[in-house]
Amino acid sequence: MFFFRDLNLSAATAGFVAVLVGFTSSVALVFQAALAFGATPEIIASWMWALGLGMGLCSAIPSLVLRQPVMVAWSTPGAAVLASAGLAGGFTLPQAVGAFIASAGLIVLVGATGWFERVMNRIPMAIASALLAGVLARFGLQAFAAAQTALPLVLCMLLAYLLGRRWVPRYAVPLTLLVAVAYVVARGQFNAAAVSLSWARPVFTMPEFTWAAFVSLALPLFVVTMASQNLPGVAAIRAAGYDMPVSRLITLTGVATLLLAPFGAYALNLSAITAAICMGEEAHPDRRKRYTAAVVCGAIYVAIGLVGAAVTGVLLAFPKELVLAIAGLALLGSIGGGLHAALKDDAHREAALITFLVTLSGVVIAGIGSAFWGVVAGALALFVQQYGLSKKA
């Protein structure tokens with residue numbers, strides 16, 4: 001099969017690192033969201049089943065078909081919105097599931113009509129690249145901030161990465177991860193108690209549709225998923241130089257969410273962070289074969305969905321500093337490439353820099369994250385600077 005012919009160690013490692021980063025960075029937030037609506041341990045395991053299968057199949061199958069790295073993830077800001085609304089009270093789990101379905105319906109609508117892709121086509125590449133760099137740079141900063149609590153581990157990983165980049169650049173990230181795992185195990189910092197063997201079983205929740213849940217849950221979930229997840233996700237695709245059927249992919253995530261929502265898949269969307277890991281040069285020197293990293297990532301997602309808490313426990317058993325450091329180091333190339341593309345054009349440089357800084361700031365206004373406001377600020381700056389210049393010329 002062509003997949004196994006194209007697969008190599010660096011691609012497989014990139015897929016694993018993407019899962020490690022994607023799950024450990026926000027799985028606790030998903031648990032919080034489920035608990036906020038009164039979910040039992042069996043229902044939480046069902047959420048992991050639905051999300052794992054949804055992310056895995058929506059990543060692996062399109063990647064194999066298109067032979068391009070399609071990366072789908074759950075909506076982290078969406079989980080935050082749900083956790084906050086759930087803790088405030090007033091909504092049951094069936095009402096929340098109804099809101100998941102309503103939000104997914106809106107995503108299918110904007111995907112099938114091509115509305116979102118048409119908006120993205122009007123955003124200059126410099127702005128899109130600056131947006132991606134701003135999203136990724138926060139992970140780069142966290143990698144070195146982790147040195148405050150785990151200095152020896154971070155220094156060990158940094159040294160392994162730099163030596164790897166000099167002597168075996170293709171395998172710098174796998175080498176760094178291997179060194180980090182060996183260090184953690186040798187120091188007794190691997191929390192084996194977090195690992196438990198259990199199969200996840202899907203639990204169906206009958207949806208209940210209410211106007212209050214639509215306004216308070218579905219609409220915010222739809223807005224933050226599109227603005228804070230799909231927007232930088234498309235930017236990651238275009239910054240990496242891939243030409244994908246964006247509208248069809250967004251429609252696919254919406255349909256998958258519709259089908260899996262009663263089992264706990266609250267929102268699936270295009271990824272930016274994990275996509276950058278699998279789309280970068282570190283994943284595979286041949287960009288035509290980087291789809292294999294996305295397929296590996298998808299396969300691991302499916303495995304996590306099937307065994308539920310077991311694999312999740314393995315991922316959570318690593319110290320958080322290891323996760324932060326490996327994410328930041330794996331994304332260095334993508335951050336540098338994004339900044340280069342954003343700032344190389346004099347006409348767009350200042351607007352791109354504003355986009356980068358606003359996105360990097362992490363500011364949240366009206367419940368919408370900095371990715372959206374970064375694009376708004378950059379587009380406004382570009383409009384003020386260039387409006388009317390073509391007419392005068």
Side-chain angles (χ1 to χ4, degrees), residues 22-23 26-61 72-76 78-109 111 196-222 225 250-269 298-313:
F23 255 85
S26 57
V27 69
L29 196 56
V30 176
F31 286 171
Q32 280 184 292
L35 291 171
F37 294 107
T40 63
E42 292 77 16
I43 291 177
I44 293 176
S46 178
W47 279 42
M48 290 297 103
W49 176 87
L51 290 167
L53 260 65
M55 293 188 298
L57 295 177
C58 287
S59 296
I61 295 176
V72 172
W74 62 44
S75 174
T76 300
V81 167
L82 294 174
S84 176
L87 291 173
F91 299 104
T92 64
L93 184 61
Q95 289 171 344
V97 170
F100 302 165
I101 293 174
S103 173
L106 293 174
I107 292 174
V108 171
L109 179 64
S196 61
L197 298 177
S198 60
W199 292 94
R201 295 183 179 180
V203 178
F204 182 86
T205 299
M206 181 63 69
E208 179 184 343
F209 300 95
T210 67
W211 177 251
F214 178 78
V215 173
S216 300
L217 297 179
L219 282 181
L221 180 60
F222 166 72
T225 298
I250 289 178
T251 303
L252 173 65
T253 63
V255 171
T257 304
L258 278 174
L259 296 175
L260 294 170
F263 304 100
Y266 62 93
L268 301 173
N269 49 251
I300 298 175
Y301 277 148
V302 170
I304 289 175
L306 293 176
V307 299
V311 178
T312 304

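All residue numbers refer to positions in the sequence shown, counting from 1. Computation of the quantities below employed the complete heavy-atom set of this structure, encompassing side-chain atoms and omitting hydrogens, waters and symmetry-equivalent molecules. Everything numeric here is computed off the predicted structure, so don't read it as measured data.
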message: side-chain contact (heavy atoms from CB on, under 4.5 Å), that's the test. Do Trp49 and Leu260 meet it? Break it down for me.
response: CA-CA 9 Å; Trp49 176 87; Leu260 294 170; 4.1 Å; yes

Residue pair [X] / [Y], side-chain heavy-atom distance below 4.5 Å:
X	Y	answer
Thr257	Ile107	no
Val72	Asn269	no
Tyr266	Leu51	yes
Met55	Leu268	yes
Phe37	Val97	no
Val203	Phe263	no

I need the minimum non-hydrogen distance between [X] and [Y], along with the two atoms involved.
X	Y	value
Gly298	Ala60	CA-CB, 4.3 Å
Leu53	Val302	CD1-O, 4.0 Å
Leu258	Pro262	O-CD, 3.8 Å
Gly254	Ala104	O-CB, 3.6 Å
Phe100	Ala261	CB-CB, 3.8 Å
Pro220	Ser216	CG-O, 3.3 Å

Inset, instruction - Give the intermediate values and the outcome of side-chain contact (heavy atoms from CB on, under 4.5 Å) for residues Val30 and Thr76. - result: CA-CA 8 Å; Val30 176; Thr76 300; over 6 Å; no

